[in-house]
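One structure is given below, encoded as structure tokens.
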Amino acid sequence: MTTFADMGVDADIVEALASKGIVDAFPIQEQTIPLGLPGQDIIGQAKTGTGKTFGFGIPVVQRLGLDPAPGVKALIVVPTRELAVQVYEDMDMLTSNRSTSVVAIYGGKAYEGQIDQLKAGAQIVVGTPGRLIDLNNQRLLDLSHATEVVLDEADKMLDLGFLPDIEKIFQKVSQVRHTMLYSATMPGPIVALARRFMSNPIHIRATDPDEGLTQANIKHLVYRAHSLDKDEVIARILQAEGRGKTVVFTRTKRAAQKLVDELNDRGFNAGAVHGDMSQEARERSMAGFKAGKKDVLIATDVAARGIDVDDVTHVINHTIPDDEKTYLHRVGRTGRAGKTGIAVTFVDWDDLHKWALINRALDFGQPEPMETYSSSPHLFEDLDIPAGTKGRIGKAPKTDTVRTQRTARPERAADAAAEGTDEGGTRRRRRRRSADTPVGSTFAEGAPADAAASDATASADADRGTDGAGTHDGAGKEHHDGKPAPARRRRRRRGGPGGTPAAAAGV
DNA sequence: AAAAAAG
């Protein structure tokens, strides 16, 4: 493996990285840093969680050199405020052994601090388009000497919603510059468009074209959610042993708010991030989630891209995303830096075509995800859902033992991972599960979407041979007998914070 | 069509 030192990265940067335990370069870094350092324009494409930030961050820092002259010389533009904070932190780390100063410029926050830092001579700016243009209009942000320009999540920055802002920003920065664009997804038309802002860019794809676009270490589970009580299933997933951090995505801000209220009502410590929240509340949620103080983060697609939180073991698509790009970015919140992850997608009746689209675009199907998990009992096995529990999950008050249990879980997960098995608890639950059919009935409607074509009846012989990257692939995993669930429930869940007593019935 | 991004 190539180290950062091998690539000619300055010693103080190498040292900053090493102090965080980062020594070896990931492929995208290995391929782009040697080009970025001498000033080659780059379109860098690599899967989620494989280190794109340092791919551009290191060349930016190193190329600014040690010039103490104040003023903005580098600009990094990102699509969300949370990503601005995160990339700012990475850049701040890379510059920790030199005097180069970094500032984050984004909306929803007081102007004062940001303006002060600009006046103090900040040299690297990381920001979102709106506030960047705002401050530029106010003549408080001079971009004309920005000779290093980066678009992170570049395809997003160049889509219709952002393009006018980006065009404006490219008019303001230095016309003699080094430009780098990075993203996990780079549709052809976007690449063509991107070239307008670059000079002779080289397009680096740090992926084997035969491999597909998704991370091999993410296991994809897809379930048809027709009349499935998704809140209940999600509550159960959250109580599964071996679960680390979990992110749940919804399609709308309202759905996110509703779900976070519901889960908090049930005694979970859930946080939300969506555009109807104050920036302060958004950042509180993110910080709490990163620190492990929250059980789960409920988010709209504002958090789909770039957000890097350690040890996210599960991503749940409460609502299927609209397109394959969003799917790929959402599930990319797990399986980062070579770790394994599980992505669970609920496909509502009206959204079956969306799954077909995503499945085709991402070239799934062989053998994952549909064929491998072709019966609902495997939902229990793969998600390790506690099966014996009666009643509505998570109803306990905040100080209850349920909570203690959840807090204790990460250590157990680590132990289990170290042993390569998920040990006793699983077996116990499994035994109860076979004795206790009622839980199965909860998921009777949760047949996977592929079975829609044939038959919702459980199939006994799903091929588990792919093994993929499951953290929960315990030794001696036996098949469930896959009986068809006894009763189909047709209850319609009435939403609203606080839920209904009916939610407890029949479980 | 939703979400995001200035206030």
Side-chain angles (χ1 to χ4, degrees), chain A residues 75-88 103-115 118 125-141 143 150-170 172 183-185 190 247-260 272-283 285-286 297-307 315 317-330 332-333 345-348 350-355 357-358:
Chain A
L75 176 66
I76 299 167
V77 191
V78 301
T80 67
R81 297 165 181 179
E82 283 70 24
L83 197 50
V85 171
Q86 181 182 294
V87 173
Y88 162 80
V103 62
I105 302 287
Y106 58 94
K109 264 259 205 287
Y111 284 88
E112 200 183 17
Q114 297 178 6
I115 293 170
L118 289 171
V125 168
V126 183
T128 49
R131 183 63 71 90
L132 288 171
I133 290 171
D134 183 358
L135 290 182
N136 181 258
N137 287 341
Q138 294 188 53
R139 316 234 164 242
L140 294 164
L141 170 62
L143 292 172
V150 177
L151 298 188
D152 193 10
E153 304 298 340
D155 60 324
K156 183 72 179 171
M157 305 312 299
L158 295 173
D159 84 7
L160 291 182
F162 276 114
L163 186 57
D165 285 351
I166 296 304
E167 284 182 316
K168 176 148 198 187
I169 287 168
F170 271 116
K172 300 291 182 181
S183 182
T185 47
I190 296 290
V247 186
V248 183
F249 286 101
T250 63
R251 195 175 61 89
T252 64
K253 293 178 276 197
R254 282 185 61 186
Q257 192 56 50
K258 203 175 133 204
L259 181 58
V260 79
V273 185
H274 62 70
D276 278 349
M277 294 166 64
S278 73
Q279 189 54 29
E280 193 193 1
R282 281 165 62 160
E283 289 181 18
S285 286
M286 282 303 308
L297 186 73
I298 317 296
T300 58
D301 285 323
V302 68
R305 285 172 175 260
I307 299 302
V315 168
N317 289 316
H318 173 275
T319 342
I320 192 172
D322 284 341
D323 56 50
E324 76 282 2
K325 292 189 292 299
T326 310
Y327 180 88
L328 194 144
H329 286 282
R330 279 185 182 185
R333 296 320 94 211
T345 301
F346 296 121
V347 186
D348 292 318
D350 294 341
D351 291 335
L352 283 171
H353 68 287
K354 285 188 193 167
W355 171 251
L357 197 97
I358 291 168

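Quick note on labels: first sequence line is chain A, next is B, and so on, each numbered from 1.
Qualifying ring-ring contact (aromatic ring centres under 6.0 Å, His included) partners for A:Tyr88, counting only residues two or more places apart in sequence or in other chains: none.
Looking at A:Thr326 and A:Asp301, their side chains never bring a donor and an acceptor atom within 3.5 Å of each other. No side-chain N or O of A:Gln257 forms a donor-acceptor pair with one of A:Arg254 less than 3.5 Å apart.
Nucleotide B:dA4 holds its P atom 9 Å from the NZ atom of A:Lys156, rounded to whole Å. Distance NZ (A:Lys168) to P (B:dA6): 14 Å, rounded to an integer number of Å. Atom CG of A:Asp301 is separated from atom C1' of B:dA5 by 15 Å (rounded to the nearest Å). Straight-line distance from the CG atom of A:Leu140 to the P atom of B:dA6: 15 Å, rounded to whole Å. Straight-line distance from the CG atom of A:Leu151 to the P atom of B:dA4: 20 Å, rounded to whole Å. Atom pair A:Arg282:CZ and B:dA4:C1' shows a separation of 8 Å (rounding to whole Å applied). The distance between atom CZ of A:Arg330 and atom P of B:dA3, rounded to the nearest whole Å, is 11 Å. Summarising the geometry, the separation between CG on A:Asn137 and C1' on B:dA6 is reported as 10 Å, rounded to the nearest angstrom.
Residue-level contact check: A:Gly107 touches the backbone only, with heavy atoms under 4.0 Å from sugar-phosphate atoms and none from bases. When heavy atoms are screened at a 4.0 angstrom cut-off, A:Phe249 is found touching no nucleic acid atom at all.
For A:Tyr111, the side-chain atoms get nearest to B:dA6 when compared with the rest of B:dA6, B:dA4, B:dA2. The side chain of A:Thr252 approaches B:dA2 more closely than any other nucleotide in the set B:dA5, B:dA2, B:dA4. Here B:dA2 is the nucleotide among B:dA3, B:dA2, B:dA6 with the atom lying nearest to any side-chain atom of A:Arg251. Out of B:dA5, B:dA2, B:dA1, the shortest distance to the side chain of A:Asp322 is found at B:dA1.
Listed by first then second residue, pairs satisfying salt bridge (Lys or Arg N to Asp or Glu O under 4.0 Å) with a partner in residues 320-329 of chain A read A:Asp322-A:Lys354, not counting sequence neighbours.
Remark: A:Thr300 is in phosphate contact with B:dA4, judged by side-chain N or O atoms under 4.0 Å from OP1 or OP2. Taking only side-chain nitrogens and oxygens, A:Arg81 comes nearer than 4.0 Å to OP1 or OP2 of B:dA6.
Taking a cutoff of 4.0 Å between a charged side-chain nitrogen and a carboxylate oxygen, A:Lys168 and A:Asp165 do not qualify as a salt bridge.
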